[in-house]
Amino acid sequence: IAGASALLGGEPGSDTFHPDHMPDATPETFAKNIAVDPGFLDLMHIPLLAGRNFQTDNPADRSVAYIINETAVKQFQLRDPIGENFRRRGDSTGRIIGVMKDFHFASMSENIHPMVFYMDTLRSYRYMFVRMHGDIPAAIDGVKEAWASVMPEWPMEGFFQDEYFNALYKQEEQLQRITGWFSVLAMALAALGLLGLSSFVILHRTKEIGIRKVIGASVPDILVLLSAHFLKLIFFSLLISIPLTVFLIDQWLQGFVARISIGAGYFLVAGICTTAVALITIGFQSIRAALANPVNAIRGE
């Protein structure tokens with residue numbers, strides 16, 4: 001169990017902090033800040049890279065101790081941050097006791113801000129975080145009972161932190177669903193168009209196929225002949241669509257600080273799937289034309 005003044009994915013406090021060597025109230029001294037109790041870092045699995053955590057039995061930690069993240073170390077230009085004199089605007093001078101590893105407090109579309117953790121009175125902890133294991137429903141019931149025994153006049157309002165954090169990506173999830181459905185629709189329409197085109201082409205090449213079979217062409221030869229025409233169309237379509245897709249995806253990913261790289265494997269899989277759908281679509285028509293009796297095709301000649 002741990003308390004904090006803000007949720008992950010929420011809006012932490014913002015204030016001016018400064019070490020002794022930096023003036024107050026400049027853009028370089030601006031940082032996000034959260035009041036936390038000593039159990040918060042362990043509960044959230046936020047590792048310390050240097051220094052120590054807050055200590056409940058140390059009165060100085062409650063008023064003049066700070067834990068900052070790696071980004072804050074860089075922004076405040078601290079070579080040896082542990083023990084550095086450090087203060088928040090209007091507060092007495094304190095000291096940095098620890099440096100925590102950078103983590104994404106907000107959406108992946110935002111840079112990691114300088115972050116300062118500090119201890120405060122219990123009234124600053126607007127949220128209580130509880131990590132549960134095993135039977136989650138039973139654990140929730142236990143938390144509700146404990147809450148009711150301490151503050152029966154205030155109903156408990158609980159939710160899962162990961163669900164709250166995932167809500168930051170609701171727009172991306174909606175975009176994914178819309179893109180998925182439109183992709184399915186586009187593939188279906190393309191397959192229908194390809195089916196009509198293949199039927200038209202094969203119909204006009206029926207006599208040619210018949211003559212080729214008479215002079216010794218096998219069924220695989222006919223299939224290769226008919227498929228080659230459409231495979232050329234697919235190749236040129238991929239040649240146009242892949243660079244355009246790379247550009248559009250790259251522009252979309254520019255909105256995220258933490259993002260994946262666009263590898264060739266994605267387009268290789270997409271090209272194989274597209275080719276497979278095309279071959280399946282034209283395969284039935286091609287096989288039927290290749291197996292047809294050539295006499296029926298050329299008897300009018």
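The chain is numbered in sequence order, starting from 1.
Here the straight-line distance linking atom CZ of F17 with atom CE of M115 works out to 10.0 Å at 0.5 Å rounding. Here the CG atom belonging to L233 is positioned 8.5 Å from the CZ atom belonging to F236, to the nearest 0.5 angstrom. For the atom pair CD (Q55) and CD1 (I97), the distance works out to 7.0 Å, reported to the nearest 0.5 Å. In this structure, T16 OG1 and F30 CZ are separated by 7.0 Å, a value rounded to the nearest 0.5 Å.
Within a 6.0 Å radius of CG in L253, other residues, nucleotides and ligands contribute more than 12 heavy atoms. Within 6.0 Å of CD on E110 lie more than 12 heavy atoms contributed by other residues, nucleotides or ligands. In this structure, M156 places its CE atom where more than 12 heavy-atom neighbours from other residues, nucleotides or ligands lie under 6.0 Å away. For E153, the CD atom counts as densely surrounded, since its 6.0 Å shell holds more than 12 non-hydrogen atoms of other residues, nucleotides or ligands.
By the ring-ring contact (aromatic ring centres under 6.0 Å, His included) test, F76 is found to be paired with F86, residues two or more places apart in sequence or in another chain being considered. By the ring-ring contact (aromatic ring centres under 6.0 Å, His included) test, F159 is found to be paired with Y164, residues two or more places apart in sequence or in another chain being considered. Shown here are the side chain to side chain contact (heavy atoms under 4.5 Å, CB included) partners of E173, two or more places apart in sequence or in another chain: R177. Scored by the ring-ring contact (aromatic ring centres under 6.0 Å, His included) test, F200 finds H204 as partners (sequence neighbours excluded). S198 is linked by a side chain to side chain contact (heavy atoms under 4.5 Å, CB included) to L195, F230, I282, Q285, counting only residues two or more places apart in sequence or in another chain. The side chain to side chain contact (heavy atoms under 4.5 Å, CB included) test applied to R87 returns H18, T93, not counting sequence neighbours. In this structure, F54 has no ring-ring contact (aromatic ring centres under 6.0 Å, His included) partners at least two apart in sequence or on a different chain.
E84 places no side-chain N or O within 3.5 Å of a backbone atom of R79 that could act as its donor or acceptor partner. With hydrogens and angles ignored, the 3.5 Å screen pairs no side-chain donor or acceptor of R95 with any backbone N or O of A65. N53 places a side-chain N or O within donor-acceptor distance of the main-chain N or O of P38, the cut-off being under 3.5 Å. Judged by distance alone, with hydrogens and angles left aside, the side-chain atoms of N69 form no donor-acceptor pair with the main-chain N or O of P114 at under 3.5 Å. Side chain of Y125 to backbone of A35: no donor-acceptor contact under 3.5 angstrom is found. A donor-acceptor pair under 3.5 Å links the side-chain atoms of D37 to the main chain of G39, judged by distance alone. Side chain of E70 to backbone of K101: no donor-acceptor contact under 3.5 angstrom is found. Side-chain N or O atoms of D250 include none that pairs as donor or acceptor with a backbone N or O of V246 at under 3.5 Å. In this structure, the side chain of Q161 engages the main chain of L8 through a donor-acceptor pair within 3.5 Å.
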Donor-acceptor contacts under 3.5 Å from residues 238-245 side chains, at least two apart:
residue, atom, partner, partner atom, Å
S241, OG, S237, O, 2.9
T245, OG1, S241, O, 2.7

Cut-off 3.5 Å, no hydrogens considered: what does the side-chain donor-acceptor table look like for residues 40-52, sequence neighbours left out?
residue, atom, partner, partner atom, Å
R52, NH1, D61, OD2, 2.8
R52, NH2, D61, OD1, 3.0

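The two residues V36 and A4 have their closest heavy-atom pair at CG1-CB, 4.1 Å.
Side-chain contact between Y266 and I249: absent, with no pair of heavy atoms (C-beta onward) separated by less than 4.5 Å. Annotation: side chain of V116 is not in contact with side chain of I34 (no heavy-atom distance under 4.5 Å). At least one side-chain heavy atom of E11 sits less than 4.5 Å from a side-chain heavy atom of K32. Put simply, the side chain of W252 reaches to within 4.5 Å of the side chain of E172, judged on heavy atoms. Side-chain atoms of H21 and L78, non-hydrogen and from C-beta on, do get closer than 4.5 Å to each other. Proximity of V143 to M132: side-chain heavy atoms (C-beta onward) are separated by under 4.5 Å at one or more points. Taking 4.5 Å as the limit, some side-chain heavy atom of Y66 sits within range of a side-chain heavy atom of R88. Residues I67 and I96 have side chains not in contact (no heavy-atom distance under 4.5 Å, counting atoms from C-beta outward).
Under a hydrophobic-cluster definition in which Ile, Leu, Val, Met, Phe, Trp and Tyr are linked whenever side-chain heavy atoms come within less than 4.5 Å, directly or via other members, L268 and I234 are assigned to different clusters. Linking Ile, Leu, Val, Met, Phe, Trp and Tyr whenever their side-chain heavy atoms come within less than 4.5 Å leaves L194 and L192 in two separate clusters. Under the 4.5 Å side-chain heavy-atom criterion for ILVMFWY residues, a single connected hydrophobic cluster contains both Y169 and F103. Y118 and I82 fall within a single hydrophobic cluster, where Ile, Leu, Val, Met, Phe, Trp and Tyr side chains are chained together by heavy-atom contacts under 4.5 Å. One hydrophobic cluster, built from ILVMFWY side chains closer than 4.5 Å, holds both F165 and F105.
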Decide yes or no on side-chain contact (heavy atoms from CB on, under 4.5 Å) for V73 and I68, but give the supporting numbers first. CA-CA 7 Å; V73 172; I68 64 177; 3.6 Å; yes

Step-by-step side-chain contact (heavy atoms from CB on, under 4.5 Å) determination, T71 to H113: CA-CA 7 Å; T71 300; H113 297 283; over 6 Å; no

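Judged as a side-chain hydrogen bond (donor to acceptor under 3.5 Å, both in side chains), not a single pair has a partner in residues 135-151 (not counting sequence neighbours).
Judged purely by distance below 3.5 Å, without hydrogens or angles, the side chains of N33 and D15 never pair a donor atom with an acceptor atom.
Residue L185 is found in a hydrophobic cluster whose other members, listed by chain and number, are L189; membership requires side-chain heavy atoms under 4.5 Å apart, directly or through intermediates. When hydrophobic side chains of Ile, Leu, Val, Met, Phe, Trp and Tyr are connected at separations under 4.5 Å, V64 ends up as a singleton with no cluster partners.
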